[in-house]
Amino acid sequence: MDPDCIMISGSSAGAVTVLQADYYLNNKMHSYEILPAGFQYAGVLSFAGAIFSHQGTPDYKEKPAPTLFLHGDKDKVVFYNKLRLFRRGMFGSKPLAKRFKKREFNYLFITMKNKGHSVSGSPMHNNLDIIEWFIQNYVYEKKNWQNEGCMKELNTPIEAGGSVWAL
């Protein structure tokens, strides 16, 4: 096993867990010290995930792993955007991707247009090409990219910034 190539992936509550794990690791919070010194995930794959924060929109003290965010923009179970009360809240894929973009962290953010929480289980069955593309480019080839796109249906091209990606 290559310890430099460990990725974590989850959908729904699992996506919350993997995003939270990488957030804790890169902010030296909670149980991060049980991992070897200098450990970093090679990639994080989040299908309808969010981070709970007591400190406003999550930020990172250290650069997080390249992250794939895939989320339906009508998700009311795990918020696509955020639910916030003062500084506490759940911050979904949209504000997380915005933070990644601002800080120039490596990420791919795919919004499923007009889709709800059912999107959380679909990538592992319907979008393996996107997952494989992300792993190849962001994890193995270590490309320094910040990409966003939208899909209307599963297994369709991704519209990104006026162009269409053919994955």
Side-chain angles (χ1 to χ4, degrees), residues 1-72 78 80 90-112 119-151 154-155 157-158 160-161 163 165-167:
M1 178 185 274
D2 183 353
D4 293 329
C5 209
I6 295 173
M7 294 177 273
I8 52 177
S9 174
S11 66
S12 190
V16 172
T17 302
V18 299
L19 289 172
Q20 203 81 44
D22 195 48
Y23 176 64
Y24 285 172
L25 173 64
N26 290 291
N27 286 294
K28 307 295 186 234
M29 300 167 69
H30 301 290
S31 301
Y32 82 93
E33 66 276 349
I34 64 172
L35 296 168
F39 176 82
Q40 178 64 272
Y41 296 109
V44 175
L45 293 85
S46 167
F47 310 117
I51 290 177
F52 179 76
S53 172
H54 292 271
Q55 302 160 349
T57 303
D59 202 358
Y60 295 80
K61 292 179 182 172
E62 294 181 12
K63 186 176 182 177
T67 302
L68 168 60
F69 300 99
L70 195 143
H71 212 139
V78 176
Y80 169 79
M90 286 295 288
F91 297 85
S93 298
K94 184 177 179 180
L96 295 175
K98 183 177 179 181
R99 179 62 52 133
F100 273 55
K101 182 177 185 175
K102 180 179 180 180
R103 299 281 310 276
E104 297 182 354
F105 298 147
N106 299 338
Y107 75 99
L108 172 59
F109 175 37
I110 300 171
T111 298
M112 296 295 296
V119 166
S120 66
S122 65
M124 286 84 58
H125 304 287
N126 299 315
N127 298 103
L128 291 175
D129 54 341
I130 293 170
I131 295 169
E132 290 172 1
W133 185 88
F134 172 82
I135 292 170
Q136 180 63 42
N137 287 280
Y138 284 80
V139 177
Y140 293 147
E141 296 180 20
K142 300 184 185 310
K143 292 185 178 169
N144 190 22
W145 287 348
Q146 297 83 35
N147 287 317
E148 299 184 16
C150 296
M151 293 176 70
L154 300 173
N155 288 328
I158 300 173
S163 61
W165 301 347
L167 299 179

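- Side-chain atoms of C5 and Y140, non-hydrogen and from C-beta on, do get closer than 4.5 Å to each other.
- A distance of 12.5 Å separates NZ in K142 from CG in N137, rounded to the nearest 0.5 Å.
- Here the side chains of E62 and L25 are not in contact, with every heavy-atom distance at 4.5 Å or above.
- Y138 contributes a side-chain N or O that, together with a main-chain N or O of Y107, makes up a donor-acceptor pair within less than 3.5 Å.
- Contact record, R99 with P58: CG-O, 3.4 Å, taken as the closest heavy-atom pair.
- Between the CD1 atom in I51 and the CG atom in D22 there is a gap of 8.0 Å [rounded to 0.5 Å].
- A distance of 9.0 Å separates CG of D4 from CZ of F39, quoted to the nearest 0.5 Å.
- Closest heavy-atom contact between N27 and Y23: ND2-O, 2.9 Å.
- Between atom CD of residue Q146 and atom NZ of residue K102 there is a gap of 14.5 Å, rounded to the nearest 0.5 Å.
- Around atom NZ of K101, no more than 12 heavy atoms belonging to other residues, nucleotides or ligands sit under 6.0 Å away.
- For P95 against T57, the heavy-atom pair with the smallest separation is O-CG2, 4.4 Å.
- Pairing each heavy atom of F47 with each of S9, the nearest pair is CE1-OG, 3.5 Å.
- No more than 12 heavy atoms of other residues, nucleotides or ligands lie within 6.0 Å of NZ in K61, so this atom counts as exposed by the packing criterion.
- Between F100 and A65, the shortest heavy-atom contact is CE2-O, 4.1 Å.
- Contact annotation: the side chain of L108 approaches that of W133 to within less than 4.5 Å [non-hydrogen atoms, C-beta and beyond].
- Between I8 atom CD1 and Q20 atom CD the span is 11.0 Å, to the nearest 0.5 Å.
- Contact check for K94 versus F69: no side-chain heavy atoms found under the 4.5 Å cut-off.
- When every heavy atom of Y60 is checked against every heavy atom of R103, the shortest pair comes out as O-NH1, 3.0 Å.
- Put simply, the side chain of L68 does not reach to within 4.5 Å of the side chain of I135, judged on heavy atoms.
- A donor atom on one side chain and an acceptor atom on the other are found under 3.5 Å apart for N26 and Q40.
- Side chain of H71 to backbone of V78: a donor-acceptor contact under 3.5 angstrom is found.
- Side chains of L19 and V44 form a contact here, defined as non-hydrogen atoms less than 4.5 Å apart.
- The side-chain heavy atoms of W145 and N106, taken from C-beta on, include no pair separated by under 4.5 Å.
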